[in-house]
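Structure first, then comments.
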Amino acid sequence: MPMLQVKDLTKQFGGLTAVSKVSFSVNEGEVLGLIGPNGAGKTTCFNMIAGAMNPTKGQIEFEGQRIDGLQAHQISQKGIARTFQIVKPLRNLSVFDNVMIAALSKSKDISQAREIAQEVIDFTGIHDLAKKGAGELSIGNLKRLEVARALATLPRLLLLDEPMGGLNGKEVDQAIELILKINKSGKTVVIIEHIMKALMQVSDRIVVLAQGEKIAEGTPEAISKNEAVITAYLGEEYHAQS
Ligand SMILES: Nc1ncnc2c1ncn2[C@@H]1O[C@H](COP(=O)(O)OP(=O)(O)OP(=O)(O)O)[C@@H](O)[C@H]1O
Ligand SMILES: [Mg+2]
């Protein structure tokens, strides 16, 4: 049984069908890449899986239970965490407090939340920044903090929405390392990312959306050669490079 299964997932905003009958599954332990052009419906899929919005139609099952229609906090309790494409730290608080507040959702008391926060901060490599105000961080470290806040809720499934957006080459390499480390620590990951070289490196399998529909699914190698994907998204330039 897959860990996560979405079936015929559909989201309409007025007359716009942002996600149209999309089905895919995520197996425990894998990294699944979710790609496609701007406006393809990727973030909207995350919003529905994480409970930020209800699907118009379709089903979402996590570990054998229906979760569509549940509230975001209920889905978090079940073991799914997500990061936001546009990072949302509490800018006036320290890095440590940002992570600790996230940890409180799964802790029995403040001291346990502190322990979890410290572990996650060490794990994500932002230890030296713990006392800094979140508002002072570079985009690379803000993206890392965003991941740390998600990990602090102790998810089994982590949804990453463009964790490398705006990063420089070195920061992208560090982000790849972190995602692989998270996966090795036993967490299942779904990642949306436009930086193809990085996405291909971390993903076991890739699902491609275009204009709300799933147009392909396969290994990174197969996806990079798929004509429909090249036409809709990757472009001839990518084809030539690979
Ligand atoms: N809350 C909303 N209300 C109305 N329309 C929305 C809403 N959220 C998304 N949309 C629309 O749904 C479509 C899909 O948007 P979505 O954000 O899911 O795309 P995306 O694949 O994540 O794109 P990007 O790569 O640019 O982040 C777009 O046309 C977008 O304008
Ligand atoms: Mg998006």
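Values reported hereafter were calculated over all heavy atoms of this structure, with side chains retained and with hydrogens, waters and symmetry mates removed. Order of appearance sets the numbers: ligands from 1, and atoms from 1 within every ligand. Keep in mind the model is a prediction, meaning the values are calculated, not measured.
When the salt bridge (charged side-chain N to carboxylate O under 4.0 Å, His left out) test is applied to E136, no partner is found at least two apart in sequence or on another chain. Applying the salt bridge (charged side-chain N to carboxylate O under 4.0 Å, His left out) criterion to E193, with sequence neighbours excluded, gives no partner residue.
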List the atom pairs, donor and acceptor, that lie under 3.5 Å between side-chain atoms in residues 11-23 and the rest of the protein, sequence neighbours left out.
from : atom 1 : to  : atom 2 : distance (Å)
K11  : NZ     : N54 : O      : 2.7
S23  : OG     : D8  : N      : 2.9

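The nearest protein heavy atom to atom 30 (C) of ligand 1 is not closer than 4.0 Å. Contact annotation for atom 18 (O) of ligand 1: protein present (non-hydrogen atoms, distance under 4.0 Å).
For G36, the heavy-atom gap to ligand 1 stays at 4.0 angstrom or more. Assignment of K11 to the shell around ligand 1 is not supported, since no heavy atom sits closer than 4.0 Å.
Excluding waters, the set of protein N, O or S atoms lying under 2.8 Å from the Mg ion (ligand 2) comprises T43 OG1, Q85 OE1.
In the vicinity of E162, heavy-atom distances shorter than 4.0 Å reach the ligand 1 atoms 25 (O), 27 (O). For ligand 1, the atoms lying closer than 4.0 Å to a non-hydrogen atom of L16 are 11 (C), 12 (O), 29 (O). Below 4.0 Å from some heavy atom of N38 lie the following atoms of ligand 1, by number and element: 23 (O), 24 (P), 25 (O), 26 (O). Interface of T44 with ligand 1, defined as ligand atoms under 4.0 Å from a residue heavy atom, comprises 9 (C), 14 (C), 15 (O), 16 (P), 18 (O).
In the hydrophobic clustering of ILVMFWY residues, with side-chain heavy atoms under 4.5 Å counting as a link, M48 and L209 come out together.
The N/O atoms of F13, backbone and side chain alike, include none that comes under 3.5 Å of an N/O atom in ligand 1.
The pair E146-K143 does not meet the salt-bridge criterion, since no charged nitrogen lies less than 4.0 angstrom from a carboxylate oxygen.
Shown here for A232 and A210, the closest heavy-atom pair between the two residues is CB-CB, 4.2 Å.
Using a 4.0 Å cut-off between heavy atoms, V19 makes no contact with ligand 1 at all.
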